[in-house]
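Take a look at the structure below.
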Amino acid sequence: MTEVTAISKFACPGCGGEAVWTPAKKSLVCPYCGTVSPAELKADGTLIEENDLVSALRSIPDDQRGWEAQRKTVRCQSCQAISVFDQKRVAQRCDFCGSSALLDVNDMQAPIRPGSLLPFKIAEGTVREDIRRWYGSHFWARSNLSDKALTDTLHGLYLPYWTFDAHAECPWQAEAGYHYYTRDSQGRQQQHTRWEHASGHVSEDFDDVLVPASKGVHAALLSALEPFPTTTELVPYDAGYLSGWVVEQYQIDLIQSAQHSRQRMDGLLRQTCSSQVPGDTQRNLQIAPEYSAQTFKHILLPIWLLTYTYGTKNYQVAVNGVTGKITGEYPLSWVKITIAVILGLILLFIFISYSN
Ligand SMILES: [Zn+2]
Ligand SMILES: [Zn+2]
């Protein structure tokens, strides 16, 4: 029983609530804000290993938490998204999945305040038109996306993101290939490659590597919504920007976020190193990055989201609130597919009859 006591007293780095050890995920999962933090159950049943990000999150003081305005928080029992909105508004359905199973969340420690955000630039009317056009351009989609769906379920939302900055020192080595030419006995030119060892060093500062912390929007749509102009257009957080809008509160899988940002940085470094290899061609590029001065920020980014149910499935169409880029899911029209298949069979039949 001792180990259970020790672990159950583990405070969530995101909200300070009591996180619960979840063996299946080998992590501590916070039942209040959904944060998943890496943890290791030692043989003696006591200690927990954590990464830099966990300790950094936990040390964020109270005066950097909260919305600086009266806000109401609910958690969706169906998709698990946590929505935050104006006190006077009554939420009947989840903006992300349409479920009415919403629970008030009152006992959570205030979340880490966003440092900055991108304000909405694209107006609701424009978005409706763009979605209608987008939908029309997908032939295999069911064609009757009703006006009701467009008016009832289009929501402007601020989504939570973490952005990572880091400095990297990255030595690299590779084989650089230099072409040279000879002539064979018939006088034809032949190309050969001489391989030489090459090495070098890249120093790079990463700024705003984005990692989404949304539960409400389907993961594939989130990556398709990028890029957001975070390096040029972020404005400092002010509660006024959020008034009248729904904000999704972050839920983080810390292991995934850290890995995700690291993979992105590794990939970018590899490109830079590759571009420095001399010669005409290259092979066996190896990089050995060391990261330092890693920091992260919590920011909010605006999207328009349309969610509708067809059959038993939930479909989402999302629009980048700054650039207008659209991405989405749609139910296939089985009528169209069936007609196409039948037409195809008829053509095949005619073709076979003629060729006989
Ligand atoms: Zn929490
Ligand atoms: Zn939901």
Side-chain angles (χ1 to χ4, degrees), residues 7-22 25 27-39 48 50-51 53-62 64-67 71-85 89-114 149 152-160 162 212-219 221-222 245-257 296 298 303-310 312-318 329:
I7 290 162
S8 66
K9 292 232 171 86
F10 191 92
C12 162
C15 75
E18 207 172 279
V20 181
W21 169 251
T22 311
K25 288 191 161 177
S27 299
L28 289 151
V29 178
C30 173
Y32 306 100
C33 77
T35 293
V36 180
S37 25
I48 281 136
E50 35 180 82
N51 65 19
L53 189 52
V54 179
S55 24
L57 284 175
R58 191 173 296 115
S59 64
I60 288 176
D62 279 351
Q64 288 173 32
R65 293 173 175 272
W67 301 100
R71 309 284 280 169
K72 189 169 166 178
T73 305
V74 298
R75 179 187 193 107
C76 171
Q77 296 293 88
S78 175
C79 74
Q80 308 301 325
I82 301 175
S83 300
V84 181
F85 41 80
R89 181 186 141 153
V90 182
Q92 270 145 358
R93 291 192 172 276
C94 171
D95 281 1
F96 296 93
C97 72
S99 164
S100 57
L102 299 177
L103 272 189
D104 281 338
V105 182
N106 298 316
D107 46 358
M108 201 195 296
Q109 186 193 9
I112 297 159
R113 186 179 312 132
D152 285 5
T153 60
L154 182 64
H155 299 287
L157 302 161
Y158 278 105
L159 296 189
W162 300 95
S214 166
K215 272 267 159 89
V217 178
H218 303 163
L221 299 190
L222 286 173
W245 300 95
V246 172
V247 182
E248 182 181 3
Q249 187 172 313
Y250 60 79
Q251 300 186 56
I252 343 156
D253 188 325
L254 287 169
I255 307 173
Q256 263 186 23
S257 314
F296 63 91
H298 171 35
I303 66 150
W304 289 98
L305 185 71
L306 172 73
T307 304
Y308 58 100
T309 311
Y310 182 72
T312 54
K313 268 194 77 179
N314 243 320
Y315 296 88
Q316 292 184 331
V317 180
E329 306 154 334

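Just so you know, ligand 1 is whichever comes first in the structure, and atom 1 is the first atom listed for that ligand.
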Between [X] and [Y], is there a donor-acceptor pair closer than 3.5 Å when you use the side chain of the first and the backbone of the second?
X: Gln316; Y: Gly216; answer: yes
X: Thr22; Y: Val20; answer: yes
X: Gln80; Y: Gly34; answer: no

Would you check, one step at a time, whether the test side-chain contact (heavy atoms from CB on, under 4.5 Å) holds for Tyr32 with Ile82?
CA-CA 9 Å; Tyr32 306 100; Ile82 301 175; over 6 Å; no
Sorted by chain and residue number, which protein N/O/S atoms are under 2.8 Å from the Zn ion (ligand 1)?
Cys12 SG, Cys15 SG, Cys30 SG, Cys33 SG
Sequence neighbours excluded, which residues qualify as side chain to side chain donor-acceptor pair (under 3.5 Å) partners of Gln251?
none
Below 3.5 Å, can you tabulate the donor-acceptor pairs from side chains in residues 94-106 to any protein atom, sequence neighbours excluded?
| residue | atom | partner | partner atom | Å |
| --- | --- | --- | --- | --- |
| Ser99 | OG | Ala101 | N | 3.0 |

NE2-OG distance between His155 and Ser83, expressed to the nearest 0.5 angstrom:
9.5 Å
Nearest 0.5 Å, what's the CD1-CG distance between Ile303 and Leu157?
5.5 Å
Leaving waters out, which protein N, O or S atoms fall under 2.8 Å from the Zn ion (ligand 2)?
Cys76 SG, Cys79 SG, Cys94 SG, Cys97 SG
Name the orientation class of the two ring planes belonging to Tyr158 and Trp245 (parallel below 30°, tilted from 30 to 60°, perpendicular beyond 60°).
perpendicular
